[in-house]
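Below is one structure, written out as C-alpha coordinates, with a few remarks after it.
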Amino acid sequence: MYRSKIAASLFALVFVALASVSIAEDKISALIVEGQNNHGVWPKTTEMMTAFLEETDRFTVDVATTKPKGTDADFKPKFSNYDVVISNYNGAAWPAETQQAFVQFVKEGGGFVVIHAANNAFGKWSEYNQIIGLGGWGGRNESSGPYVYLDGKGNTVRDPSPGRGGHHGSQHPFQIIVRDDSHPITKGMPTAWMHSKDELYDQLRGPSQNMHILATAHASTDKGGTGRHEPMLMTVDYGKGRVFHTPMGHAEYSQDCVGFITCLQRGTEWAATGKVTLPIPKDFPSADAVSRRTK
Ligand code: ZN
(Lines give C-alpha, C1' and ligand atoms only; values in the text may rest on other atoms or scores of the structure.)
Protein backbone atom coordinates (compact mmCIF):
# COMPACT_ATOMS: atom_id res chain seq x y z
CA MET A 1 0.00 0.00 0.00
CA TYR A 2 2.71 2.42 1.08
CA ARG A 3 4.83 1.40 -1.86
CA SER A 4 2.03 1.99 -4.36
CA LYS A 5 1.44 5.44 -2.87
CA ILE A 6 5.08 6.26 -3.47
CA ALA A 7 4.75 4.94 -6.99
CA ALA A 8 1.66 7.08 -7.54
CA SER A 9 3.42 10.19 -6.19
CA LEU A 10 6.44 9.51 -8.36
CA PHE A 11 4.20 9.06 -11.37
CA ALA A 12 2.48 12.38 -10.57
CA LEU A 13 5.82 14.13 -10.23
CA VAL A 14 7.07 12.77 -13.53
CA PHE A 15 3.80 13.74 -15.18
CA VAL A 16 4.02 17.34 -13.86
CA ALA A 17 7.67 17.56 -14.95
CA LEU A 18 6.87 16.32 -18.46
CA ALA A 19 3.88 18.66 -18.73
CA SER A 20 6.02 21.70 -17.85
CA VAL A 21 8.67 20.64 -20.36
CA SER A 22 6.07 20.50 -23.10
CA ILE A 23 4.71 23.94 -22.14
CA ALA A 24 8.23 25.38 -22.23
CA GLU A 25 8.81 23.78 -25.63
CA ASP A 26 5.68 25.41 -27.00
CA LYS A 27 7.14 28.84 -26.37
CA ILE A 28 9.23 30.56 -29.01
CA SER A 29 12.74 31.35 -27.78
CA ALA A 30 13.73 34.87 -28.79
CA LEU A 31 17.00 36.77 -28.40
CA ILE A 32 17.22 40.57 -28.53
CA VAL A 33 20.68 41.87 -29.53
CA GLU A 34 21.65 45.35 -28.36
CA GLY A 35 24.45 47.31 -26.69
CA GLN A 36 25.24 50.15 -29.10
CA ASN A 37 22.78 52.51 -30.75
CA ASN A 38 22.70 56.11 -31.90
CA HIS A 39 19.34 56.21 -30.10
CA GLY A 40 19.92 57.03 -26.44
CA VAL A 41 16.61 55.35 -25.66
CA TRP A 42 17.77 51.81 -26.58
CA PRO A 43 17.98 50.25 -23.13
CA LYS A 44 14.38 51.32 -22.55
CA THR A 45 13.13 50.10 -25.96
CA THR A 46 14.75 46.69 -25.37
CA GLU A 47 12.88 46.50 -22.04
CA MET A 48 9.65 47.50 -23.76
CA MET A 49 10.03 44.96 -26.58
CA THR A 50 10.89 42.23 -24.06
CA ALA A 51 7.71 43.02 -22.13
CA PHE A 52 5.55 43.19 -25.30
CA LEU A 53 6.75 39.73 -26.37
CA GLU A 54 6.56 38.11 -22.93
CA GLU A 55 3.07 39.42 -22.18
CA THR A 56 1.70 37.24 -25.00
CA ASP A 57 2.90 34.08 -23.19
CA ARG A 58 4.14 32.97 -26.61
CA PHE A 59 7.82 33.86 -26.13
CA THR A 60 10.73 33.51 -23.79
CA VAL A 61 13.15 36.42 -24.28
CA ASP A 62 16.88 36.69 -23.59
CA VAL A 63 18.99 39.78 -24.24
CA ALA A 64 22.59 39.79 -25.51
CA THR A 65 24.44 43.09 -24.98
CA THR A 66 27.73 44.19 -26.55
CA LYS A 67 30.28 46.40 -24.86
CA PRO A 68 29.31 50.07 -25.20
CA LYS A 69 31.98 50.98 -27.80
CA GLY A 70 33.91 49.39 -30.65
CA THR A 71 33.92 45.80 -31.86
CA ASP A 72 33.24 43.56 -28.88
CA ALA A 73 35.52 40.53 -29.33
CA ASP A 74 33.57 38.70 -26.63
CA PHE A 75 30.17 39.17 -28.27
CA LYS A 76 29.35 35.61 -29.31
CA PRO A 77 25.69 34.91 -28.60
CA LYS A 78 24.65 31.33 -29.38
CA PHE A 79 22.16 32.26 -32.13
CA SER A 80 21.40 28.61 -32.85
CA ASN A 81 19.85 28.24 -29.37
CA TYR A 82 17.01 30.52 -30.50
CA ASP A 83 14.08 30.45 -32.89
CA VAL A 84 14.33 34.15 -33.65
CA VAL A 85 16.75 37.05 -33.15
CA ILE A 86 15.51 40.65 -32.84
CA SER A 87 17.95 43.47 -33.49
CA ASN A 88 17.90 46.71 -31.51
CA TYR A 89 21.58 47.21 -32.42
CA ASN A 90 23.19 49.99 -34.43
CA GLY A 91 26.89 50.10 -33.69
CA ALA A 92 30.35 48.77 -34.45
CA ALA A 93 30.90 45.62 -36.50
CA TRP A 94 30.52 42.29 -34.73
CA PRO A 95 33.55 39.97 -34.67
CA ALA A 96 33.92 38.00 -37.94
CA GLU A 97 33.09 34.74 -36.16
CA THR A 98 29.82 36.22 -34.86
CA GLN A 99 28.93 37.59 -38.30
CA GLN A 100 29.43 34.14 -39.82
CA ALA A 101 27.38 32.46 -37.09
CA PHE A 102 24.57 34.98 -37.64
CA VAL A 103 24.44 34.48 -41.43
CA GLN A 104 24.52 30.71 -40.93
CA PHE A 105 21.69 30.97 -38.39
CA VAL A 106 19.37 32.80 -40.80
CA LYS A 107 20.42 30.72 -43.80
CA GLU A 108 19.51 27.54 -41.95
CA GLY A 109 16.03 28.77 -41.05
CA GLY A 110 16.41 31.09 -38.06
CA GLY A 111 14.06 34.06 -37.85
CA PHE A 112 15.30 37.66 -37.78
CA VAL A 113 13.45 40.85 -36.84
CA VAL A 114 14.82 44.29 -37.79
CA ILE A 115 13.59 47.26 -35.75
CA HIS A 116 14.14 50.91 -36.77
CA ALA A 117 17.85 51.88 -36.50
CA ALA A 118 18.90 48.22 -36.77
CA ASN A 119 18.56 48.92 -40.50
CA ASN A 120 21.22 51.64 -40.16
CA ALA A 121 23.78 49.13 -38.94
CA PHE A 122 26.50 47.39 -40.94
CA GLY A 123 26.27 49.42 -44.17
CA LYS A 124 29.22 47.55 -45.72
CA TRP A 125 28.30 44.01 -44.61
CA SER A 126 26.79 42.58 -47.80
CA GLU A 127 25.09 39.50 -46.28
CA TYR A 128 23.47 41.63 -43.60
CA ASN A 129 22.11 43.95 -46.30
CA GLN A 130 20.75 40.93 -48.19
CA ILE A 131 19.07 39.79 -44.99
CA ILE A 132 17.42 43.14 -44.14
CA GLY A 133 16.49 43.98 -47.77
CA LEU A 134 16.69 47.77 -47.34
CA GLY A 135 18.74 50.02 -45.10
CA GLY A 136 19.69 53.62 -44.50
CA TRP A 137 22.70 55.70 -43.44
CA GLY A 138 25.91 53.77 -42.66
CA GLY A 139 27.50 55.00 -45.93
CA ARG A 140 24.70 53.49 -48.05
CA ASN A 141 24.35 54.88 -51.58
CA GLU A 142 23.59 53.68 -55.12
CA SER A 143 26.14 50.89 -54.74
CA SER A 144 23.96 49.44 -51.95
CA GLY A 145 20.98 48.84 -54.27
CA PRO A 146 17.94 50.77 -55.50
CA TYR A 147 15.55 52.97 -53.58
CA VAL A 148 12.35 50.96 -53.18
CA TYR A 149 8.93 52.56 -52.70
CA LEU A 150 5.40 52.48 -54.07
CA ASP A 151 4.05 55.00 -56.57
CA GLY A 152 0.59 56.60 -56.41
CA LYS A 153 -0.93 53.60 -58.17
CA GLY A 154 0.52 51.15 -55.67
CA ASN A 155 3.16 49.80 -58.05
CA THR A 156 6.57 49.00 -56.61
CA VAL A 157 9.34 51.26 -57.92
CA ARG A 158 12.97 50.17 -57.83
CA ASP A 159 14.89 53.36 -58.44
CA PRO A 160 18.66 53.02 -59.05
CA SER A 161 19.34 56.77 -59.16
CA PRO A 162 22.38 57.95 -57.23
CA GLY A 163 22.11 59.37 -53.75
CA ARG A 164 22.22 58.72 -50.07
CA GLY A 165 20.36 55.89 -48.41
CA GLY A 166 18.14 56.82 -45.48
CA HIS A 167 16.42 60.04 -44.47
CA HIS A 168 13.43 61.21 -42.48
CA GLY A 169 11.46 64.40 -42.09
CA SER A 170 10.13 65.76 -38.81
CA GLN A 171 8.50 63.30 -36.44
CA HIS A 172 4.73 63.00 -36.52
CA PRO A 173 1.93 60.45 -36.24
CA PHE A 174 1.27 58.90 -39.65
CA GLN A 175 -1.09 56.49 -41.34
CA ILE A 176 -0.01 52.96 -42.23
CA ILE A 177 -1.61 51.47 -45.36
CA VAL A 178 -1.74 47.69 -45.54
CA ARG A 179 -0.85 46.59 -49.10
CA ASP A 180 -1.15 42.84 -48.60
CA ASP A 181 -3.80 41.67 -46.14
CA SER A 182 -3.38 38.01 -47.05
CA HIS A 183 -0.04 37.66 -45.25
CA PRO A 184 -0.20 36.08 -41.76
CA ILE A 185 1.27 39.24 -40.15
CA THR A 186 -1.29 41.66 -41.62
CA LYS A 187 -4.31 39.36 -41.95
CA GLY A 188 -7.29 40.90 -40.14
CA MET A 189 -5.59 44.29 -39.75
CA PRO A 190 -7.56 47.39 -40.79
CA THR A 191 -6.42 48.57 -44.25
CA ALA A 192 -5.46 51.95 -42.78
CA TRP A 193 -4.33 52.67 -39.22
CA MET A 194 -2.64 55.54 -37.43
CA HIS A 195 0.82 54.98 -36.05
CA SER A 196 1.86 57.21 -33.14
CA LYS A 197 4.58 59.86 -33.45
CA ASP A 198 7.68 58.42 -35.09
CA GLU A 199 10.40 59.08 -37.64
CA LEU A 200 9.06 58.11 -41.05
CA TYR A 201 12.11 56.61 -42.72
CA ASP A 202 12.36 57.35 -46.43
CA GLN A 203 14.97 56.83 -49.18
CA LEU A 204 15.86 53.40 -47.82
CA ARG A 205 17.85 51.42 -50.35
CA GLY A 206 19.39 47.99 -50.57
CA PRO A 207 19.53 44.71 -52.49
CA SER A 208 15.80 44.17 -51.75
CA GLN A 209 15.87 40.62 -53.13
CA ASN A 210 13.11 38.19 -52.14
CA MET A 211 11.53 41.15 -50.34
CA HIS A 212 7.80 41.62 -49.94
CA ILE A 213 6.21 44.92 -48.89
CA LEU A 214 3.22 44.38 -46.57
CA ALA A 215 2.49 48.02 -45.67
CA THR A 216 3.57 51.55 -46.49
CA ALA A 217 3.24 55.11 -45.23
CA HIS A 218 3.08 58.28 -47.29
CA ALA A 219 6.10 60.46 -46.51
CA SER A 220 4.41 63.84 -46.80
CA THR A 221 6.51 66.66 -48.25
CA ASP A 222 4.83 68.95 -45.66
CA LYS A 223 6.83 67.09 -43.02
CA GLY A 224 10.02 67.07 -45.08
CA GLY A 225 9.47 63.61 -46.59
CA THR A 226 9.87 62.33 -50.15
CA GLY A 227 6.21 62.44 -51.17
CA ARG A 228 6.47 58.70 -51.83
CA HIS A 229 4.78 55.70 -50.24
CA GLU A 230 7.60 54.25 -48.15
CA PRO A 231 7.82 50.61 -46.99
CA MET A 232 6.86 50.23 -43.31
CA LEU A 233 6.33 46.47 -42.94
CA MET A 234 8.45 44.09 -45.02
CA THR A 235 9.43 40.47 -45.16
CA VAL A 236 12.55 38.99 -46.72
CA ASP A 237 13.34 35.36 -47.46
CA TYR A 238 17.01 34.57 -46.99
CA GLY A 239 18.02 30.94 -47.41
CA LYS A 240 15.56 29.01 -45.26
CA GLY A 241 15.19 31.98 -42.90
CA ARG A 242 12.31 34.41 -42.57
CA VAL A 243 12.96 38.09 -41.88
CA PHE A 244 10.48 40.66 -40.63
CA HIS A 245 11.56 44.31 -40.96
CA THR A 246 9.93 47.51 -39.74
CA PRO A 247 11.59 50.92 -39.81
CA MET A 248 9.11 52.09 -37.14
CA GLY A 249 10.07 52.36 -33.47
CA HIS A 250 12.24 55.47 -32.92
CA ALA A 251 11.30 56.18 -29.29
CA GLU A 252 9.13 55.03 -26.36
CA TYR A 253 6.19 57.05 -27.74
CA SER A 254 6.58 55.23 -31.10
CA GLN A 255 6.89 51.77 -29.57
CA ASP A 256 3.94 52.05 -27.17
CA CYS A 257 1.66 52.35 -30.24
CA VAL A 258 -0.66 49.34 -30.22
CA GLY A 259 -0.03 49.00 -33.96
CA PHE A 260 3.75 48.76 -33.40
CA ILE A 261 3.29 46.32 -30.50
CA THR A 262 0.99 44.10 -32.60
CA CYS A 263 3.37 44.13 -35.59
CA LEU A 264 6.31 43.29 -33.32
CA GLN A 265 4.47 40.38 -31.70
CA ARG A 266 2.99 38.96 -34.91
CA GLY A 267 6.09 39.67 -37.02
CA THR A 268 8.34 37.94 -34.49
CA GLU A 269 6.00 34.95 -34.27
CA TRP A 270 5.93 34.71 -38.08
CA ALA A 271 9.73 35.03 -38.41
CA ALA A 272 10.13 32.22 -35.87
CA THR A 273 7.43 29.81 -37.11
CA GLY A 274 5.99 30.95 -40.45
CA LYS A 275 2.58 31.24 -38.79
CA VAL A 276 0.73 33.79 -36.70
CA THR A 277 -1.60 32.82 -33.86
CA LEU A 278 -1.50 36.10 -31.91
CA PRO A 279 -4.67 38.16 -32.43
CA ILE A 280 -5.21 41.77 -33.52
CA PRO A 281 -6.18 43.38 -30.19
CA LYS A 282 -9.43 45.31 -29.62
CA ASP A 283 -7.53 48.55 -28.88
CA PHE A 284 -5.77 48.46 -32.30
CA PRO A 285 -5.60 51.95 -33.86
CA SER A 286 -8.24 53.08 -36.35
CA ALA A 287 -7.73 54.90 -39.65
CA ASP A 288 -7.70 58.29 -37.93
CA ALA A 289 -6.91 57.71 -34.25
CA VAL A 290 -3.68 56.51 -32.66
CA SER A 291 -3.89 54.03 -29.81
CA ARG A 292 -1.10 53.81 -27.25
CA ARG A 293 -0.44 51.72 -24.16
CA THR A 294 1.19 54.20 -21.84
CA LYS A 295 1.98 53.09 -18.31
ZN1 ZN B 1 15.28 57.11 -34.90
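All ligand and atom numbering here is 1-based and tracks the order in the structure.
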Tell me who clusters with Val290, hydrophobic residues only, linked when side chains sit under 4.5 Å apart either directly or through other members. Met194

Is the Trp94 to Tyr89 ring centre distance short of 6.0 Å? yes

Establish, yes or no, whether a centroid distance under 6.0 Å links the rings of Phe102 and Phe112. yes

What lies under 2.8 Å from the Zn ion (ligand 1), restricted to protein N/O/S atoms, is His39 NE2, His116 NE2, Glu199 OE1, His250 ND1

Is there a chain of hydrophobic side chains (I, L, V, M, F, W, Y, each step under 4.5 Å between heavy atoms) that links Ile132 to Ile115? no

Look at Asp159 together with Arg228 and state whether they make a salt bridge at an N to O cut-off of under 4.0 Å. yes

Consider only side-chain heavy atoms of I, L, V, M, F, W and Y, link residues closer than 4.5 Å, and tell whether Tyr149 and Met234 are in one cluster. no

